[in-house]
2 protein chains.
Amino acid sequence: MSVTIVDIAKKAQVSVSTVSRVLNNKPDVNKETQDKIRAAIKELNYSPNSVARGLVLKRSNIIGYIASDITNPSFPELARGVVVKAKEYGYSVMFFDAHQDNRVEKEAIQLLRSKQVDGIILSFSGANRDELEKLRSERFPVVQIYRKSSKSTISTIAIDNVGSGYRATQYLLSSGHKRIAHITTGDLTQSGYERMAGYLKALAEAGIEADHHFIQQGISSVESGKVCMERLLDLEKPPTAVFASHDVMAIGAYEAILDRGLTIPGDISVLGHDNIEISRLIRPHLTTIDTFKFKLGQASVDLLIEEMTAHEPQNKEIVFPGELVVRDSVRAL
Amino acid sequence: MSVTIVDIAKKAQVSVSTVSRVLNNKPDVNKETQDKIRAAIKELNYSPNSVARGLVLKRSNIIGYIASDITNPSFPELARGVVVKAKEYGYSVMFFDAHQDNRVEKEAIQLLRSKQVDGIILSFSGANRDELEKLRSERFPVVQIYRKSSKSTISTIAIDNVGSGYRATQYLLSSGHKRIAHITTGDLTQSGYERMAGYLKALAEAGIEADHHFIQQGISSVESGKVCMERLLDLEKPPTAVFASHDVMAIGAYEAILDRGLTIPGDISVLGHDNIEISRLIRPHLTTIDTFKFKLGQASVDLLIEEMTAHEPQNKEIVFPGELVVRDSVRAL
DNA sequence: TTGTACGCGTTATCAC
DNA sequence: GTGATAACGCGTACAA
């Protein structure tokens, strides 16, 4: 059927070992025999079987990537970062979508391992801590993006959520706002929890007491953001500005505000977090915090490669600061 | 190092072939020996090596998926459809992002083949027709999503672009519009070309002569859509409605229109195509044509499986009709 | 019902 | 500089 190293050995009238040598650019092989072999390769259109190669080398040059949700708006850029960087190192990427389901995620880990991937990157990974610790105990290279449970010992690429929550709130404060609400996923997600901590810290520093009516908790979706904002608008004294922990919720807030005939930022200022693609397109263009997803994706591969070469768990944590992107949704009072 | 079939054979005091039998649920194996073996598997936490298995079986249970651009807004849903369906069939998916670069795409095909994937799905594939024909001549299973070059003999999942272009334009006509412009990628893309054909057809049927000033060509991006719309607005007699061949261009059109202080659909109606996620979020919510990307992804796997089992090129073409999604960006005159 | 032995395509170790 | 040959982990005739 398909042409193997044996075929081209015959064609070139040499042994398979010699062919293997030129295939892997090993030294000490005669120029002429080299040429003969390369010619045969061309002629028979031969391409090495990485599966067989992987079997003996015990490495696949594949890294596994498990996204907890491929439709997460941050996924594409993150994934592209991973793919691009992996390629630089000569690795291919095998993707899985866990559908936000921990069981599926666990299955994906198993599958990836049976496929002999050389390492795994998990993004937004959920609660499979046991599974991860198991991998770690087997010295299997793993890195996690975003989610760093406090007790985890897995190397992680994270973003400075507390810092960016703080930065966001401070920007609102410095724009003259005092009644600043927060729409958040709260303790439902690590990121929401941390960003809220930043929000509270900034408020505290400014000597403003946090009003629990101003903190609305929901899930990371447009619909939920809208509901949260509606509750805020129903308040007797609504806020003049709102910081949403995730852009999708900010967009939901837009819906609620605009549906009531109010204007942004005229009546209410809105500030998001994540800088997903939509945020620069929606009107008014959303002021938000960029999280450099492409860079994060790349960094996760760098870290994974480190894990792989170190051959023992590094337990590193690299955290990227967010960056405020000023657009049109916040006004100075 | 890692535990193999031999280890568990020893542990259970049977031969490897017996172990292999229970691993693959073959009949004719004693209940008790089965139990012994399963126990050993559990105890040693054994998991079969698919690479070795693939080597002998000559199949990997992996399908390759090459996206020409992972940041294309249609990608996530499409990909999820592929992954979900593949999993139903017991297949894993290996992704590549070709960055819209034909050379990269070609490399990806090579790489995927060396990884011994059982079939390849290409979406939005570019100009590597030769490469595809080569695959076909080797009876290697491939299916293409969207792009069907007229002379291609590769099985394809497509959408009825002509039909949906026609449908979109007709909707505008039936809403009372007569001065209907078209923002399009034109013959730069197959989809744009076909949608324009539908546009022209609808106009012709309505007895309206196509005005070439009303047809603005650009690329599929927000910026380009904006530029196109600006040119339309600069016309002495601007259109009352515009059909954009791609939602991203429609969003660019929004920018141009709103930046001039005009309203949608008050002053100008806008209709898009693709129903990408943003379109339901942007305000006014964009009326557009849905293309059922999740279903397309799934269908492409079905078709690929067909190709694989048939063992000879099917040259099928399955085309899905688009569906009008009425929202708020078109008004009746 | 179970075991032996070979082959899958490749690399690495040793001779020559 | 080159060629046998034994692995790698598994499935499968064939034998027992």
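First the proteins, then the strands, lettered A, B, ... as listed; each starts at 1.
Backbone-only engagement by B/V14 is indicated by non-hydrogen atom pairs under 4.0 Å involving sugar-phosphate atoms exclusively.
For the pair A/K31 NZ and D/dT2 P, the interatomic distance rounds to 12 Å; values are reported in whole Å. In this structure, B/D28 places its CG atom 15 Å from C1' of D/dA16, rounding to the nearest Å. Rounded to an integer number of Å, the gap from A/K36 NZ to D/dG1 P is 15 Å. Rounded to an integer number of Å, the gap from B/E32 CD to C/dT2 C1' is 14 Å. Between the P atom of C/dT2 and the CD1 atom of B/I8 lies a distance of 13 Å, rounded to the nearest Å.
Taking the six-membered ring where tryptophan is involved, the planes of B/F95 and A/F95 are perpendicular, since the angle between them exceeds 60° and thus also 30°.
Taking the charged nitrogens against the carboxylate oxygens, B/K134 and B/E131 do have a contact shorter than 4.0 Å, which makes a salt bridge.
For the helix from C/dT1-D/dA16 to C/dC16-D/dG1, the axis fitted to the five pairs at one end and the axis fitted to the five pairs at the other end meet at an angle of 40° (nearest 10 degrees).
To the nearest 0.5 angstrom, A/I63 atom CD1 is 12.5 Å from A/M94 atom CE.
Put simply, the side chain of B/D69 never gets that close to the backbone of B/Q100: no donor and acceptor are under 3.5 Å apart.
Remark: B/R113 qualifies as a cation-pi partner of B/F140 under the 6.0 Å distance and 45° angle criteria applied to the six-membered ring.
With contacts defined as side-chain heavy-atom distances shorter than 4.5 Å, the pair A/L122/A/I120 qualifies.
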Exercise for review: Assess whether side-chain contact (heavy atoms from CB on, under 4.5 Å) is satisfied between B/K85 and B/D302, documenting all intermediate values.
Suggested key: CA-CA 8 Å; B/K85 198 60 164 190; B/D302 284 330; 3.0 Å; yes

Review point. Using a cut-off of 4.0 Å between protein heavy atoms and nucleotide atoms, how would you tag nucleotides 6-14 of chain C 5' to 3' with B, S and -?
Key: -BBBBSB--

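Checked against side chain to side chain contact (heavy atoms under 4.5 Å, CB included), B/S300 has the following partners two or more places apart in sequence or in another chain: B/V82, B/I121, B/V143, B/I145, B/I157.
Between B/T18 and C/dT2 there is no side-chain N or O to OP1 or OP2 distance below 4.0 Å.
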